[in-house]
Amino acid sequence: MRIKLKLIALFVFASVLNANCQSNKAVTETKVESKKKKKKKKKKYKLPEIDLTHWSLTIPEGENEKAKSFKGKDVVVNYATNEEIKPYMYNDSTKGALVFYAYPSKATTANTKFSRSELREQMIPGNNDVNWTFKQGGYMKGTLAIDEVTKDNEGKYHRVIIMQIHGRLTDKQRDLIGQKDNNAPPMLKIYWDKGKVRVKTKVLKNLNATEEEMLHEDAWGDDDGFNFEQEVGFKKFTLEVEVSDGKMVIILNKNEYKVYENIHMKKWGIFENYFKAGNYFQSRDQGAFAKVRYYKLEVTH
């Protein structure tokens, strides 16, 4: 009889223990599932840290082979829903970046054969007539990466201009030299060139040229260019451009510096300027394209 009672008690204890284990297991599984759900809920979309208020946008599409530009609400508010803009500038919410896509289209801007998806600084939103001089100074900083880029027939990556300082004639200067528009040469072009950052600037061909002669585009030539040592490849990197009277400094990842402080920078002071950033694609190869991701972009004066 005692043996029976012991067996019954042992059976009841085992049943209770098993029930508790099953209950604990169910609770544990419920907690794990709950944590997974919370993790899923916590996943947020990232947006690029870029204020587009003081920028206009040019895309590689338009009528009569002329690239179309957008400014004001079309860029600041509506770019994510504007059907014309969406293929060429859009948010990558997984990486928190603004993507610029360009390919060799027929629609280009004046004085160039290459197409672009590129921002143009506007000190007063919607107005291209207010710009800055080197004496007034300027600072641009961008954190970016090359997302995708095609290769040429020799297996070399196509080049992309990712930042610029572009010159501009005032209306008075334009009229003085009899030019039809306000275009002046770009003082600065920063390239992504086969995984490295390359800088090109302008030099005055004749240092004795008069101010009126200096206003002509053919008065300026290209320097030999400069390559930063660090290879950025397809990784994220940061570029800074600091401009002051007669001086320009380019900084890569707060590690490498290139300083331009010479007579050419001083002479350039006759021009007004504006910053540019994005994807100015440097190829006309069929099927070629590039995508540039901008995570951050800021400008101050």
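Note that the coordinates shown come from a computational prediction; the quantities given were computed from them, not determined experimentally. Numbers for residues simply follow the sequence, beginning at 1.
The main-chain N or O of His54 is never found under 3.5 Å from a side-chain atom of Glu121 such that the two would form a donor-acceptor pair. Of the possible donor and acceptor atoms, none in the side chain of Thr58 sits under 3.5 Å from a partner among the backbone N and O of Ser117. Side chain of Asn253 to main chain of Thr238: a donor-acceptor pair is present (N/O by atom type, distance under 3.5 Å, no hydrogens or angles). Asp193 contributes no side-chain N or O that, together with a main-chain N or O of Lys196, makes up a donor-acceptor pair within less than 3.5 Å. The backbone N or O of Ile177 lies less than 3.5 Å from no partner atom in the side chain of Gln173, so there is not a single donor-acceptor pair. The closest donor-acceptor contact from the side chain of Arg284 to the backbone of Lys113 lies under 3.5 Å. Between the side chain of Asn273 and the backbone N or O of Phe271 there is at least one donor-acceptor pair closer than 3.5 Å. A donor-acceptor contact shorter than 3.5 Å links the side chain of Thr150 to the backbone of Phe289.
There is no side-chain donor-acceptor pair under 3.5 Å between Tyr157 and Arg159. Side-chain contact annotation: His158 with Asp285, donor-acceptor N/O pair under 3.5 Å present. Defined by atom type and a distance below 3.5 Å, a donor-acceptor pair is missing between the side-chain atoms of Glu272 and His166. For Glu118 and Gln164, the side-chain atoms include at least one donor-acceptor pair closer than 3.5 Å. Ser115 and Thr108 are not linked by any side-chain donor-acceptor pair at a separation below 3.5 angstrom, with hydrogens and angles left out of the test. Between Arg116 and Thr109, the side chains place a donor N or O and an acceptor N or O closer than 3.5 Å (distance only, hydrogens not considered).
Leu47 belongs to no hydrophobic cluster, as no Ile, Leu, Val, Met, Phe, Trp or Tyr side chain comes under 4.5 Å of its own. Taking Ile, Leu, Val, Met, Phe, Trp and Tyr as members and joining any whose side-chain heavy atoms lie under 4.5 Å apart, directly or through other members, the hydrophobic cluster of Ile251 also contains Val249, Tyr257, Val259.
Considering only heavy atoms from C-beta on, Trp220 stays 4.5 Å or farther from Lys205 through its side chain. No side-chain heavy atom of Gln282 sits under 4.5 Å from any side-chain heavy atom of Val160. Side-chain contact between Glu212 and Met214: absent, with no pair of heavy atoms (C-beta onward) separated by less than 4.5 Å. When side chains are defined from C-beta on, Arg198 does not count as touching Lys189, because their heavy atoms never get closer than 4.5 Å. Contact of the Leu297 side chain with the Trp55 side chain is registered, since non-hydrogen atoms from C-beta on lie closer than 4.5 Å. Side chains of Tyr260 and Thr201 form a contact here, defined as non-hydrogen atoms less than 4.5 Å apart. The shortest distance between side-chain heavy atoms of Lys236 and Thr143 falls below 4.5 Å. Leu204 places none of its side-chain heavy atoms less than 4.5 Å from the side chain of Ile263.
Heavy atoms only, all atoms of each residue included: Asn127 and Gln122 are closest at N-NE2, 3.5 Å. Summarising the geometry of Ala145 relative to Lys235, their closest heavy-atom pair is CB-O, 3.6 Å, with the distance given to 0.1 Å. The shortest non-hydrogen separation linking Met265 to Met248 is CE-CE, 3.8 Å. Annotation for Val299 and His301: closest pair CG1-NE2, 3.6 Å, computed over non-hydrogen atoms.
Using a cutoff of 4.0 Å between basic side-chain nitrogens and carboxylate oxygens, Arg174 and Asp181 are not scored as salt-bridged. A salt bridge is defined here as a Lys NZ or Arg NE, NH1 or NH2 lying under 4.0 Å from an Asp or Glu carboxylate O, and Asp129 with Arg168 meets this definition. A salt bridge links Glu84 with Lys68: at least one charged nitrogen is closer than 4.0 Å to a carboxylate oxygen.
For the side chain to side chain contact (heavy atoms under 4.5 Å, CB included) with Trp192, the lone residue among Val232, Val197, Asn279 that qualifies is Val232.
By the 6.0 Å contact criterion, CG on Asn206 is enclosed, its count of non-hydrogen atoms from other residues, nucleotides or ligands being greater than 12. For Lys296, the NZ atom counts as loosely surrounded, since its 6.0 Å shell holds 12 or fewer non-hydrogen atoms of other residues, nucleotides or ligands.
Between the CG atom in Asn227 and the CD atom in Glu256 there is a gap of 10.0 Å [rounded to 0.5 Å]. In this structure, Leu239 CG and Ile250 CD1 are separated by 8.0 Å, a value rounded to the nearest 0.5 Å. With rounding to the nearest 0.5 angstrom, the OG atom of Ser244 is 7.0 Å from the CD atom of Glu261. Atoms CG and OH, from Asp147 and Tyr294 in turn, are 14.0 Å apart once rounded to the nearest 0.5 Å. Note that CG of Leu176 is 12.5 Å distant from CG of Asp171, once rounded to the nearest 0.5 Å. Note that CE of Met89 and CG of Leu119 are 6.0 Å apart. Values are rounded to the nearest 0.5 Å.
Sequence neighbours left out, the pairs with a member in residues 70-82 that pass side chain to side chain donor-acceptor pair (under 3.5 Å) are Tyr79-Asn91.
Cluster membership check: Leu169 shares its hydrophobic cluster with Trp268, using side-chain heavy-atom separations under 4.5 Å among Ile, Leu, Val, Met, Phe, Trp and Tyr. A chain of hydrophobic side-chain contacts below 4.5 Å, direct or via other Ile, Leu, Val, Met, Phe, Trp or Tyr residues, connects Leu57 to Met163. Grouping the Ile, Leu, Val, Met, Phe, Trp and Tyr side chains by contacts below 4.5 angstrom, directly or via other members, places Met123 with Phe70. Taken together through direct or relayed side-chain contacts under 4.5 Å among Ile, Leu, Val, Met, Phe, Trp and Tyr, Ile161 and Tyr88 form parts of separate hydrophobic clusters.
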Indicate every side-chain donor-acceptor pair of residues 93-103 with a distance under 3.5 Å to a residue at least two apart or in another chain.
unit_1: Thr94; atom_1: OG1; unit_2: Asp92; atom_2: OD1; d: 2.6
unit_1: Tyr103; atom_1: OH; unit_2: Glu61; atom_2: OE2; d: 2.2

Name every donor-acceptor pair, under 3.5 Å, that has one atom in a side chain of residues 133-141 and the other anywhere in the protein, sequence neighbours excluded.
unit_1: Thr133; atom_1: OG1; unit_2: Gln136; atom_2: N; d: 3.3
unit_1: Thr133; atom_1: OG1; unit_2: Gln136; atom_2: OE1; d: 3.4
unit_1: Gln136; atom_1: OE1; unit_2: Thr133; atom_2: N; d: 2.8
unit_1: Tyr139; atom_1: OH; unit_2: Glu240; atom_2: OE1; d: 2.6

Apply side-chain contact (heavy atoms from CB on, under 4.5 Å) to Asp245 and Lys266, showing your working. CA-CA 7 Å; Asp245 192 9; Lys266 200 72 179 173; 3.4 Å; yes

Assess the residue pair Glu65 and Lys106 against the criterion (side-chain contact (heavy atoms from CB on, under 4.5 Å)); give the C-alpha distance rounded to whole Å, side-chain angles, the decisive distance to 0.1 Å, and a yes or no. CA-CA 5 Å; Glu65 299 186 359; Lys106 291 181 180 179; 4.1 Å; yes

Start with the C-alpha gap between Glu148 and Lys291, add the side-chain angles, then the distance that decides, and say whether salt bridge (charged side-chain N to carboxylate O under 4.0 Å, His left out) holds. CA-CA 5 Å; Glu148 289 184 79; Lys291 292 180 183 178; 3.5 Å; yes

Yes or no on side-chain contact (heavy atoms from CB on, under 4.5 Å) for Glu49 and Tyr295, after CA distance, side-chain angles and deciding distance? CA-CA 6 Å; Glu49 296 179 31; Tyr295 299 86; over 6 Å; no

Go through Phe275 and Ile165 one step at a time and tell me if the side-chain contact (heavy atoms from CB on, under 4.5 Å) criterion holds. CA-CA 5 Å; Phe275 286 119; Ile165 293 177; 3.6 Å; yes

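In this structure Glu213 satisfies the side chain to side chain contact (heavy atoms under 4.5 Å, CB included) test together with Ala209, Thr210, sequence neighbours excluded.
Taking the ring axis of Tyr274 as reference, the NZ or CZ atom of Lys276 does not stay both within 45° of it and closer than 6.0 Å to the ring centre.
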